[in-house]
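Here's the structure we're looking at; comments come further down.
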Amino acid sequence: MTTSTVPYGNLTGPSRLRRLATAPIAGPLAALVLACAFFSLMTDQFLSGGNFSLIIQQVMVVGALAVGQTLIILTAGIDLSCGAAMAFGSIVIARMAAEGTVPPLVAIALGLAVCTGFGLLNGLLVKLIPLPPFIVTLGMLNVAFALTHIYSDEQSVSNLPRELTFLGETFPLGGTDVTYGSLLALALFGAFAYLLSSTSWGRHVYALGNSPEAARLNGIRTGRLTIGLYAIAGLIYGVAALLLTSRTGVGDPQAGQTDNLDSITAVVLGGTSLFGGRGSVLGSLIGALIVGVFRNGLQLMGVASIYQTLITGVLVILAVTVDQISRKRIR
């Protein structure tokens with residue numbers, strides 16, 4: 001008896017399992033599960049609900065940055081300015097609200113607008129001049145860093161109104177406390193996972209990352225799409241600024257100095273290719289959780305922070321190596 005080919009939605013059980021096993025997200029997910037299993041054996045505290053809530057709180061800011069970073073890396077770009085733009089946005093929000101210059105909600109809107117402006121300027125420079133994304137965002141990192149320290153006068157901003165700290169408050173869920181900011185970060189991942197996987201806009205993003213020239217010949221307005229992606233990423237960095245402010249309760253000019261690298265780490269560990277056109281936002285969420293689980297687990301084991309950094313670096317190199325090998329096999 002012969003079998004006919006069927007669409008993916010009607011695949012048999014074994015076929016579905018093979019499809020899932022070869023998906024880019026499978027490797028990072030397996031790594032996350034193995035890491036959780038390892039640390040649960042090494043320390044009794046790891047599997048507690050409170051500890052998992054703490055991990056999510058610790059990664060939600062970098063996770064939000066990773067959403068925007070994923071959009072950029074999917075187009076074979078990179079954004080080194082995300083952490084500095086976030087820090088400047090958080091200072092704008094905190095200082096304007098604390099000083100009463102404008103109402104708190106207006107301060108939040110202005111912070112989001114500032115971060116969106118950084119992203120828009122990045123996109124314009126990358127596409128219209130054009131300049132390499134690495135150079136543009138490296139320069140913008142220094143601009144945002146300097147503006148943060150100039151505008152803040154090198155001082156942290158405290159006594160923030162509740163509108164700025166509300167997302168840091170918790171509510172009980174399943175015997176543990178969960179912050180509202182964690183829900184916002186997860187909603188951000190869910191929204192962009194849907195947009196990238198189920199809309200024509202998402203298909204255009206992947207097409208742009210695979211081959212800009214082919215995308216242009218197929219009628220995609222690659223210039224407008226590129227500029228828009230950088231602007232959207234900037235807006236997401238503004239959301240990360242709000243999450244940062246709500247979690248710490250202050251506007252800190254020293255914040256975000258390594259978050260740009262942490263966001264890239266999360267994206268790479270999540271299986272998104274640095275060469276563009278392949279990856280997912282959900283993979284970046286898993287990548288952020290991998291980093292959070294390793295740092296939390298190693299800390300519970302009493303491992304010095306310098307070794308946590310060492311292990312994170314090794315993980316990144318391994319992830320990029322796997323990506324290179326898989327690209328060669330595809331070719």
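Every heavy atom of this structure was used, including side-chain atoms; hydrogens, water molecules and symmetry mates were not.
Here R203 pairs with nothing under the salt bridge (Lys or Arg N to Asp or Glu O under 4.0 Å) rule; sequence neighbours left out. Legend: residues meeting side chain to side chain contact (heavy atoms under 4.5 Å, CB included) with F134, ordered by chain and number and at least two apart, are I78, L80, L138. Residues that satisfy the ring-ring contact (aromatic ring centres under 6.0 Å, His included) test with F52, not counting sequence neighbours, are F46.
Across A98 and S158, no two heavy atoms sit closer than the pair CB-O, 3.8 Å. Looking at every heavy atom in both residues, I220 comes nearest to A207 through CD1-CB, 3.8 Å. The two residues L164 and P104 come nearest to each other via the heavy atoms CD1-CB, 3.9 Å. Looking at every heavy atom in both residues, A255 comes nearest to L244 through CB-CD2, 3.7 Å.
Taken to the nearest 0.5 Å, the CD atom of Q254 stands 9.5 Å off from the OG1 atom of T148. In this structure, N218 CG and E213 CD are separated by 10.5 Å, a value rounded to the nearest 0.5 Å.
If you chain together hydrophobic residues whose side chains sit under 4.5 Å apart, V239 and V178 fall into the same group.
A 4.5 Å side-chain heavy-atom check between F192 and I232 finds at least one atom pair inside the cut-off. Using a 4.5 Å heavy-atom threshold, the side chains of L282 and I25 count as touching. The side-chain heavy atoms of F118 and C82, taken from C-beta on, include no pair separated by under 4.5 Å. A heavy-atom distance below 4.5 Å is found between the side chains of L196 and Y206. Between Q257 and F145, the closest side-chain pair of non-hydrogen atoms falls below 4.5 Å. Using a 4.5 Å heavy-atom threshold, the side chains of L131 and V126 count as separate. Contact check for E169 versus T179: no side-chain heavy atoms found under the 4.5 Å cut-off. Residues S197 and S280 fail the side-chain proximity criterion, which asks for heavy atoms closer than 4.5 Å.
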Taking distance alone, no hydrogens or angles, what donor-acceptor pairs closer than 3.5 Å link side-chain atoms of residues 26-43 to residues at least two apart or in another chain?
| from | atom 1 | to | atom 2 | distance (Å) |
| --- | --- | --- | --- | --- |
| S40 | OG | C36 | O | 3.2 |
| S40 | OG | A37 | O | 2.7 |
| T43 | OG1 | Q45 | N | 3.3 |

Sequence neighbours left out, cut at 3.5 Å: what donor-acceptor pairs do the side chains of residues 286-314 make with other protein atoms?
| from | atom 1 | to | atom 2 | distance (Å) |
| --- | --- | --- | --- | --- |
| R295 | NH2 | D262 | OD1 | 3.3 |
| N296 | OD1 | N51 | ND2 | 2.9 |
| N296 | ND2 | N51 | OD1 | 3.0 |
| Q308 | NE2 | V303 | O | 3.3 |
| T309 | OG1 | S305 | O | 3.3 |
| T312 | OG1 | Q308 | O | 2.9 |

For residues 55-76, tabulate all N or O donor-acceptor pairs below 3.5 Å that involve a side-chain atom, not counting sequence neighbours.
| from | atom 1 | to | atom 2 | distance (Å) |
| --- | --- | --- | --- | --- |
| Q57 | NE2 | S53 | OG | 3.2 |
| Q69 | OE1 | D79 | N | 2.9 |
| Q69 | NE2 | D79 | O | 2.9 |
| Q69 | NE2 | S263 | OG | 3.0 |
| T70 | OG1 | A66 | O | 2.6 |
| T70 | OG1 | S284 | OG | 2.6 |
| T75 | OG1 | I72 | O | 2.6 |

(request) Please step through side-chain contact (heavy atoms from CB on, under 4.5 Å) for the pair V267 and I264, ending with a clear verdict. (result) CA-CA 5 Å; V267 174; I264 295 171; 5.7 Å; no
(request) Evaluate the side-chain contact (heavy atoms from CB on, under 4.5 Å) criterion for residues L195 and W201: first the C-alpha distance (whole Å), next the side-chain angles of each, then the deciding distance (0.1 Å), finally the verdict. (result) CA-CA 7 Å; L195 290 173; W201 176 81; 3.9 Å; yes
(request) Take N122 and S81 through the side chain to side chain donor-acceptor pair (under 3.5 Å) test and state the conclusion after the steps. (result) CA-CA 9 Å; N122 281 338; S81 67; 3.2 Å; yes
(request) Go through T245 and L160 one step at a time and tell me if the side-chain contact (heavy atoms from CB on, under 4.5 Å) criterion holds. (result) CA-CA 9 Å; T245 304; L160 302 182; 3.4 Å; yes
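A ring-centre distance under 6.0 Å is found for F166 and Y180.
A donor-acceptor pair is defined here as one N or O able to donate and one able to accept, closer than 3.5 Å; no such pair exists between the side chain of T272 and the backbone of V268.
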